[in-house]
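Structure record follows, encoded as C-alpha cells.
Note that the coordinates shown come from a computational prediction; the quantities given were computed from them, not determined experimentally. Quick note: numbers below take in every heavy atom, side chains included, and nothing from hydrogens, waters or symmetry partners. Whatever order the structure lists ligands and atoms in, that order sets their numbers, starting from 1.
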Amino acid sequence: MTTIFEKIISGEIPADIVYQDELVTAFRDIHPLAPTHILIVPNKAVATVNDLSEEDAAAAGRMLLVAGRIAAQEGIAESGYRLIINCNRDGGQEVFHLHMHLLGGRRMGPMVARN
Ligand code: DGP
C-alpha cells in the first residue's frame, strides 16, 4: 500500500525537504512537536522496523548518519536531541513507511509517559 511518504519522496506531493540522497529523504514533520522536528525515511518503502532485511542495512545506517548531520545543520547537535522510531500499535506508529523522528530545540522531558 502506498503511503503519503512515498509521494513526498517522489516529489508528487510537497514537503519541506531538508535532505535527500539515493538512500534516504528527510523532511519537516507537518505537525511539529518541537522547534526542530524532522522525519528521516528510507527511499525504499519499508513499512516498519520489523520489515527491514539485510539489504536495507545501508539505508538504515544512512538514516542515523543523516540524523547527526541534520542535527548539526539545525544547530542542536551540542544542546542535544532525541531520535524516535515508532513501530506498530504499541509504538504509536501512524504512517507505515519506516521513519525516524529527529526532535530538538527544547528539553524533551521523560523518555516515555508513565501509565
Ligand atoms: P508516527 O506516529 O511515528 O507514524 O509519525 C508520523 C508522523 O508523520 C507524524 O508526526 C505526522 C507526520 N506526517 C503525517 N503526514 C504527513 C505529511 O503529509 N507531511 C509531513 N511532512 N508529515 C506528515
Side-chain angles (χ1 to χ4, degrees):
M1 209 176 74
T2 305
T3 71
I4 198 91
F5 289 177
E6 278 178 76
K7 293 181 180 167
I8 288 173
I9 293 160
S10 68
E12 194 180 332
I13 68 159
D16 188 353
I17 292 176
V18 297
Y19 179 86
Q20 188 163 45
D21 63 24
E22 80 284 9
L23 289 176
V24 304
T25 299
F27 52 91
R28 293 190 193 278
D29 195 290
I30 203 166
H31 297 131
L33 297 173
T36 293
H37 188 171
I38 290 167
L39 301 174
I40 303 163
V41 309
N43 293 341
K44 178 184 163 189
V46 176
T48 78
V49 169
N50 296 340
D51 302 298
L52 283 168
S53 61
E54 193 61 38
E55 68 183 24
D56 302 317
R62 185 71 60 83
M63 287 168 69
L64 209 48
L65 284 173
V66 163
R69 286 189 207 139
I70 293 174
Q73 274 170 29
E74 294 283 311
I76 59 171
E78 297 308 318
S79 53
Y81 53 92
R82 185 169 290 167
L83 301 174
I84 300 172
I85 300 177
N86 296 321
C87 182
N88 282 340
R89 182 197 58 215
D90 284 358
Q93 185 173 3
E94 291 172 354
V95 178
F96 286 84
H97 183 122
L98 176 65
H99 52 283
M100 178 185 284
H101 296 256
L102 165 58
L103 293 148
R106 68 167 173 84
R107 293 281 177 103
M108 284 301 123
M111 190 164 64
V112 292
R114 290 184 189 278
N115 280 332

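- When all heavy atoms of Q20 and I9 are compared, the closest pair comes out as NE2-O, 3.1 Å.
- Contact annotation: F5 has at least one heavy atom less than 4.0 Å from an atom of ligand 1.
- Aromatic pair F27/Y19: centroids not less than 6.0 angstrom apart.
- Under 4.0 angstrom from ligand 1, there are no non-hydrogen atoms of L33.
- Listed here is the closest heavy atom pair of L98 and P42: O-CD, 3.1 Å.
- The residues E6 and K44 are annotated as not salt-bridged, no charged nitrogen and carboxylate oxygen being separated by less than 4.0 angstrom.
- For I84, the closest heavy-atom approach to ligand 1 does not fall below 4.0 Å.
- Of the heavy atoms in R28, only backbone atoms (N, CA, C, O) come closer than 4.0 Å to ligand 1.
- By the 4.0 Å N-to-carboxylate-O rule, E74 lies close enough to R28 to be salt-bridged with it.
- Between H99 and H101, the distance from one ring center to the other falls under 6.0 angstrom.
- Near H99, the atoms of ligand 1 lying under 4.0 angstrom from a non-hydrogen atom of the residue are 1 (P), 3 (O), 4 (O), 5 (O), 6 (C).
- Considering backbone and side-chain atoms together, V95 places an N or O closer than 3.5 Å to an N or O of ligand 1.
- Remark: ligand 1 atoms within the under-4.0 Å shell around heavy atoms of Q93 are 4 (O).
- L52 and F96 fall into different hydrophobic clusters, where Ile, Leu, Val, Met, Phe, Trp and Tyr side chains are chained together by heavy-atom contacts under 4.5 Å.
- Among L98, I30, D16, the residue whose heavy atom sits closest to atom 16 (C) of ligand 1 is I30.
- Hydrophobic cluster membership is shared by I70 and I85, with clusters built from Ile, Leu, Val, Met, Phe, Trp and Tyr side chains linked at under 4.5 angstrom.
- No side-chain donor-acceptor contact under 3.5 Å links R82 to the backbone of R107.
- The ligand atoms of ligand 1 that sit less than 4.0 angstrom from a heavy atom of L39 are 8 (O), 12 (C).
- Inclusion of N86 in the set of residues having an N or O under 3.5 Å from an N or O of ligand 1 is warranted.
- With hydrogens left out, the protein atom closest to atom 18 (O) of ligand 1 is I4 CG1, 3.5 Å, a heavy atom.
- Without hydrogens or angle criteria, E54 side chain to D56 main chain gives no donor-acceptor distance under 3.5 Å.
- Near I8, meaning under 4.0 Å from any of its heavy atoms, are these atoms of ligand 1: 19 (N).
- Shortest contact from atom 2 (O) of ligand 1 to any protein heavy atom: G92 O, 3.0 Å.
- No heavy atom of A15 sits closer than 4.0 Å to any atom of ligand 1.
- Residue D29 has at least one N or O atom closer than 3.5 Å to an N or O atom of ligand 1.
- The contact set between ligand 1 and E94, taken as ligand atoms under 4.0 Å from a residue heavy atom, comprises 1 (P), 2 (O), 4 (O).
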